[in-house]
Asks: 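I'd like to ask some things about the structure below.
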Amino acid sequence: MSASSSSGDGLSRQRRRQWFEHEIERLMDRLYGTALRLTRHPDDAEDIVAESIGKAWTKLDELRDPERFEGWLFHILNNTFINEWRRRQCRPKLADDPDNCEPDDLDATHFSLFQQLHQPFLLWWGSTEDRFLNELLQDDLQQALDALPDPYRVIVVFVEVQGCTYGEVAELLGIPLGTVRSRLSRGRAMLQKVLWKQAREAGFTVDCRGTEGKPS
Amino acid sequence: MTRRELTCEEVIEQLFDYLDREVSSQHRADIERHLERCRDCFSRAEFEKRLRAKVEKSVSVQAPQRLRRRVKDLLDRFDTDETNSTN
């Protein structure tokens, strides 16, 4: 179907609404989940999602290819989030050096989970990395993402969750490509350090084969 | 002329650019050739891929019913406004 001209192809307003609602329902959990990771607050996430869907509905005629609805809608979501973020005067965090808002215990420029877990010899019971990943829970990841300072978390979500290119992120946030790269690299290292800390606190060890340790 | 083989350090340094599809197709092929031959770099790449997949999946959260109702009310309101403006 074409989303661009409901009257042109004889599509009734009702069918257009049905199609839109069907697509929204299909994407709703991911929209909300993404907004929740970006904002960290359920109420803010709901506001961002509702506003984005409202914008998408009113601008539906601008969507030339319905097959691209998902990417288009997430683009609207990202922009809505960024506008709101700036409106709340968080913009300086984006434009300025974000080092100021990085907690000391997250200083992890070169941290690698793999290097902590990897054993240079083969273990007959399987690798420590496998055990770690198998025991890693969704809650652990959500908490770890939420622990990242905004300028890092947002870029990690845009790239790792939404699959944005570095160029797209630079454009969305209005920052240089090099800044996207450095914050992404640091954000990933911080995320891995938080996951490692959570795992260690839960008793996860690399030098035994038992399952007494869980990431969380 | 054959291309120089990448070292492990070079591959690890560029691993995330590779996973993010930010490298050229030629460079991608060079990295993949290295990964086919180097167990340690392959293990590292697989680990980062699997972790990334888990991060991606972590955003799948059930949206609250009240948000669904809110969206429906919003669309109803737009419909009503549109109907009123065309009459």
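In what follows, every heavy atom counts, from backbone to side chain, and hydrogens, waters and symmetry copies are set aside. Within every chain, numbering begins at 1; the chains are lettered A, B, ... in the order of the sequence lines, protein sequences first and strands thereafter. No experiment lies behind these values; they were computed from the predicted model shown.
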Asks: Any donor-acceptor pair under 3.5 Å linking the side chain of A:Asp29 with the backbone of B:Ser60?
Replies: no
Asks: With respect to chain B, which residue among A:Ala35, A:Pro42, A:Ser112 yields the maximal number of heavy-atom pairs within a distance under 4.5 Å?
Replies: A:Ser112
Asks: When you look at B:Arg68 and A:Ile24, which way does the side chain to side chain contact (heavy atoms under 4.5 Å, CB included) test go after all the steps?
Replies: CA-CA 9 Å; B:Arg68 289 183 157 82; A:Ile24 291 297; over 6 Å; no
Asks: Under 4.5 Å heavy-atom distance to chain A, tell me which part of B:Lys54 shows up: side chain, backbone, both or neither.
Replies: both
Asks: Kindly indicate whether the side chain of A:Leu113, heavy atoms from C-beta on, has any atom under 4.5 Å from the side chain of B:Glu48.
Replies: no
Asks: Measuring only between side-chain heavy atoms, which start at C-beta, is B:Asp40 closer than 4.5 Å to A:His118?
Replies: yes
Asks: Supply the atom-to-atom distance A:Glu129 CD to B:Glu46 CD, rounded to the nearest 0.5 angstrom.
Replies: 11.0 Å
Asks: A side-chain contact here means heavy atoms from C-beta on lying under 4.5 Å apart; do B:Leu67 and A:Met28 qualify?
Replies: yes
Asks: Got more than 12 heavy atoms from elsewhere within 6.0 Å of CZ, B:Phe42?
Replies: no
Asks: Check whether any side-chain N or O of B:Glu22 sits under 3.5 Å from a backbone N or O of A:Thr165 as a donor-acceptor pair, and report yes or no.
Replies: no
Asks: Tell me, which pairs form a ring pair (Phe, Tyr, Trp, His ring centres under 6.0 Å) where one or both residues lie in residues 50-70 of chain B, sequence neighbours left out?
Replies: none
Asks: With respect to chain A, which residue among B:Arg77, B:Arg21, B:Lys57, B:Gln62 yields the maximal number of heavy-atom pairs within a distance under 4.5 Å?
Replies: B:Gln62
Asks: Is atom CZ of A:Arg68 surrounded by more than 12 heavy atoms (other residues, nucleotides or ligands) closer than 6.0 Å?
Replies: no
Asks: Applying side chain to side chain contact (heavy atoms under 4.5 Å, CB included), run through A:Asp130 and B:Phe47 and close with a yes or a no.
Replies: CA-CA 8 Å; A:Asp130 283 347; B:Phe47 176 79; over 6 Å; no
Asks: Is A:Glu171 atom CD crowded by more than 12 heavy atoms from other residues, nucleotides or ligands, each under 6.0 Å away?
Replies: no
Asks: Where on A:Leu184 is there a heavy atom nearer than 4.5 Å to chain B: the side chain, the backbone, both, or neither?
Replies: side chain
Asks: Between B:Asp20 and A:Arg188, does any NZ, NE, NH1 or NH2 come within less than 4.0 Å of an OD or OE carboxylate oxygen?
Replies: yes
Asks: Would you mind checking which part of B:Asp76 comes under 4.5 Å of any heavy atom in chain A, side chain (CB onward), backbone (N, CA, C, O), both or neither?
Replies: both
Asks: Given the rule in the side chain to side chain contact (heavy atoms under 4.5 Å, CB included) test, do A:Gln162 and B:Val59 qualify, once you have shown the distances and angles that lead to the verdict?
Replies: CA-CA 10 Å; A:Gln162 299 195 36; B:Val59 304; over 6 Å; no
Asks: Which residues, numbered in order, of residues 44-55 of chain A come under 4.5 angstrom of chain B by heavy-atom distance?
Replies: A:Glu46, A:Asp47, A:Val49, A:Ala50, A:Ile53, A:Gly54
Asks: Please examine the side chains of B:Val61 and A:Arg30, heavy atoms only from C-beta on, and report whether any two atoms are closer than 4.5 Å.
Replies: no
Asks: Does B:His34 NE2 have over 12 foreign heavy atoms under 6.0 Å away?
Replies: yes
Asks: Short question: side chain of A:Glu160, backbone of B:Glu56 - any donor-acceptor pair under 3.5 Å?
Replies: no
Asks: Using a 4.5 Å cut-off on heavy atoms from C-beta on, say whether the side chain of A:Trp57 contacts that of B:Leu74.
Replies: no
Asks: Counting heavy-atom pairs closer than 4.5 Å to chain B, which one of A:Gln138, A:Gln142, A:Gln115 comes out on top?
Replies: A:Gln138
Asks: Checking heavy atoms, do the side chain of B:Arg70, its backbone, both or neither come under 4.5 Å from chain A?
Replies: side chain
Asks: Should B:Leu15 and A:Phe114 count as side-chain neighbours, where that means a heavy-atom distance under 4.5 Å?
Replies: no
Asks: What I'd like to find out is whether the side chain of A:Glu21 reaches to under 4.5 Å of the side chain of B:Lys72, using heavy atoms alone.
Replies: yes
Asks: Less than 4.5 Å apart, any side-chain heavy atom of A:Leu136 and any of B:Leu51?
Replies: yes
Asks: Below 4.5 Å from any heavy atom of chain A, which atoms of B:Val55 appear? Answer side chain, backbone, both or neither.
Replies: both
Asks: With rounding to the nearest 0.5 angstrom, report the CG to OG distance, A:Asp146 to B:Ser58.
Replies: 9.0 Å
